[in-house]
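Chain A is the first sequence line, chain B the second, and so forth, proteins listed ahead of strands; every chain is numbered from 1.
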Amino acid sequence: MSEEKSLNFIEEIIENDLKSGKYETLVTRFPPEPNGYLHIGHAKAICLNFGLTQKYGGYTNLRFDDTNPVTEKTEYVNSQQEDIQWLGFQWKNELYASDYFDQLYSYAVQLIEKGLAYVDESTAEEIAAQKGTPTEPGTPNQYRERSIEENLELFTKMKNGEFEDGACILRAKIDMASTNMLMRDPIIYRIKHAHHHRTGDAWCIYPMYDFAHGQSDSIENITHSICTLEYVSHRELYDWFIAQLGIFPSKQYEFARLNLTYTVMSKRKLLQLVNEGHVSGWDDPRMPTVSGLRRRGYTPESIREFCERIGIAKRENLIELSLLEFCIREDLNKKATRAMAVLDPIKLVITNYEGDGEILIGENNPEAEDKGGTREIPFSKELWIEREDFMEEPAKKWFRLAPGATVRLKFAYIVKCESFVKDADGNVTEVHCTYIPESKSGSDTSGIHVKGTIHWVSTAHAKTAEVRQYDRLFSVVSPDAEEGDFKDYLNPNSKEVLSKVYIEPALAEATLGTGYQFIRKGYFCLDKDSTADHLVFNRVVSLKDGWKG
RNA sequence: UGUCCGAUAGUAUAAGGGUAGUACGACAGUUUUUGGUACUGUUUGUCUUGGUUCGAAUCCAGGUCGGACAACCA
């Protein structure tokens with residue numbers, strides 16, 4: 001029993017099952033339908049399923065739940081595999097529900113032979129009407145009493161393609177009056193003359209989720225089949241099929257799915273954002289998809305840490321985006337190389353500086369264990385500095401530049417603001433300073449202490465880049481819960497493009513997949529749109545800003 | 001009107017009959033050549049009404065509130 005950390009309810013069940021000898025080996029599975037891209041909610045399930053077998057031994061299968069040929073594509077199979085591996089997990093077996101189509105078919109035949117399934121020729125509307133409502137029982141129809149022989153014959157014809165789509169279906173014969181709507185003779189096979197991404201045209205009947213999932217779990221000897229809360233009412237059916245077929249009794253356990261503030265999580269809605277062009281694609285850095293987060297600059301470690309922190313429970317939850325941001329800041333703080341970039345430039349002229357070709361040395365990461373090494377930073381008389389680092393009339397507790405104020409230029413000298421220049425519109429365009437030669441960083445003998453340090457880039461040496469700054473996709477905490485269309489609540493300012501940002505020369509060597517901290521501004525990463533002569537950076541997340549001006 | 005699930009600080013998550021704790025957030029302070037980081041402190045909570053008990057967040061009963069369930073989707 002681990003005393004250090006408390007167990008979630010699933011871990012408790014597993015520890016009990018292992019301790020009691022109910023199972024020797026833990027087997028879990030991650031079962032996505034390949035009909036879209038994986039999102040952070042899937043990441044929670046991935047971390048849970050794979051994390052459990054890492055912790056307790058055993059293994060986890062990746063099983064694609066591909067029982068609906070019209071929505072599924074190989075493109076999605078590939079992206080989902082890539083995302084799982086990127087998150088840092090490796091499945092034991094790559095499997096498909098479609099691997100079991102023959103077996104599933106024979107299970108259906110067994111049910112018919114036991115008088116527990118029948119072919120129903122009612123229309124979809126009739127079936128819905130006969131189903132009753134949650135408060136009124138359903139009513140059986142005439143097809144329910146067909147003979148086993150007739151059912152066998154009709155089901156064979158269904159399989160052989162002798163019927164059109166929708167002409168009939170195979171239903172389990174359970175209880176039309178059950179309080180659980182799912183037990184009112186659920187449909188288990190339907191006709192779809194559709195091309196399947198793996199079985200091609202071999203089949204024209206396909207099992208429904210409820211007739212495929214539990215049996216697939218059972219075939220794979222899954223001990224703990226973990227899914228989200230909306231499947232609670234399916235559990236009765238899940239157990240029923242396993243009991244009637246007398247196969248390995250996998251057990252289903254449900255946990256609450258992840259909801260994140262300021263975003264939506266359903267595949268349907270994410271697909272809509274993509275299709276209607278509200279975002280650039282599934283991997284738009286604003287999307288809560290794994291590929292979007294990856295492009296945004298999130299690390300696998302940060303996402304795993306997030307999934308660890310949110311916990312596993314059965315109550316509905318809405319996790320604050322700030323926790324995700326905390327996780328990536330925490331990770332990148334240790335990893336990201338520091339560099340200077342000026343996003344909104346004005347010029348700073350050091351009137352008494354006459355140096356030429358001075359090179360300063362900067363530490364790459366004071367938070368890394370090895371400090372990340374150092375780099376060379378060219379300095380000169382004219383620099384770009386951030387517009388927001390100068391205030392003509394300083395606020396109280398203002399530590400940055402203002403007329404007469406002193407400030408340190410990061411890695412360089414202390415300067416004093418002597419004057420400034422405005423354009424015709426009244427915007428400050430230049431700040432003129434004098435510097436203190438003996439205040440050089442690392443060998444400061446000036447004895448002067450300043451409260452503020454600002455970043456800068458030498459105008460003569462600056463490279464340029466495009467910077468894309470992202471904000472929350474929606475302007476309301478819970479777009480799903482609002483009145484009307486969720487898209488009405490899109491944040492119109494979720495993406496801001498800065499086309500000409502000045503960066504220090506070292507940043508021109510930035511590589512894809514690496515996090516950088518633009519000192520005092522935030523964490524950034526190179527975007528895949530970057531080319532050698534047009535660098536593009538994404539802002540992963542800003543730094544926490546202690547300035548409450 | 002039914003069945004099932006759930007309810008602990010702002011948000012999550014522990015405590016499984018015996019001190020309501022932790023994290024994020026917020027606020028304050030210390031350190032700091034990033035108003036970052038780090039460190040310290042403060043803040044706020046058991047849905048409700050009864051019952052069992054020496055003792056209830058925990059067990060029981062009723063209520064309230066929230067969620068799920070009537071796709072030939074998964």
Could you go through nucleotides 1-5 of chain B and list every protein N or O atom that sits under 3.5 Å from one of its N or O atoms, giving the distance for each pair?
unit_1	atom_1	unit_2	atom_2	d
G2(B)	N3	P134(A)	O	3.2

Each nucleotide in nucleotides 39-44 of chain B should get exactly one letter: B, S or -. Can you fill that in based on protein heavy atoms under 4.0 Å? ------
Please identify each residue that fulfils salt bridge (charged side-chain N to carboxylate O under 4.0 Å, His left out) with K269(A), with sequence neighbours left out. D480(A)
Every stem of 3 or more Watson-Crick or G-U pairs under 3.5 Å that RNA chain B joins, in order of first number, is B:2-7 with B:64-69, B:10-13 with B:21-24, B:26-30 with B:38-42, B:47-51 with B:59-63
Residues within residues 34-45 of chain A bordering RNA chain B, heavy-atom distance below 4.0 Å: none
Taking only residues two or more places apart in sequence or in another chain, which ones pass side-chain hydrogen bond (donor to acceptor under 3.5 Å, both in side chains) with E330(A)? none
Contacts of Y107(A) that satisfy ring-ring contact (aromatic ring centres under 6.0 Å, His included) - sequence neighbours left out: none
Can you check the distance between G41(B) and A9(B), where both ends of the measurement are the P atom (answer in whole Å)? 24 Å
For Y76(A), ring-ring contact (aromatic ring centres under 6.0 Å, His included) partners two or more places apart: Y37(A)
If you look only at pairs with a residue in residues 407-416 of chain A, which of them pass as a salt bridge (Lys or Arg N to Asp or Glu O under 4.0 Å), with sequence neighbours excluded? R408(A)-D444(A)
What pairs of nitrogen or oxygen atoms, one from the protein and one from nucleotides 22-30 of chain B, lie under 3.5 Å apart?
unit_1	atom_1	unit_2	atom_2	d
A23(B)	O2'	R309(A)	NH1	2.4

Is the distance from the ring center of Y353(A) to that of Y435(A) below 6.0 Å? yes
Using the test side-chain hydrogen bond (donor to acceptor under 3.5 Å, both in side chains), find all partners of Y523(A) that sit at least two apart in sequence or belong to another chain. Q517(A)
Can you tell me if the side-chain N/O atoms of K451(A) get under 4.0 Å from OP1 or OP2 in U33(B)? no
Residues that Q469(A) engages under side-chain hydrogen bond (donor to acceptor under 3.5 Å, both in side chains), provided they are two or more places apart: E496(A), R539(A)
Nearest to the side chain of Q517(A) - G35(B), U34(B), U33(B)? U34(B)
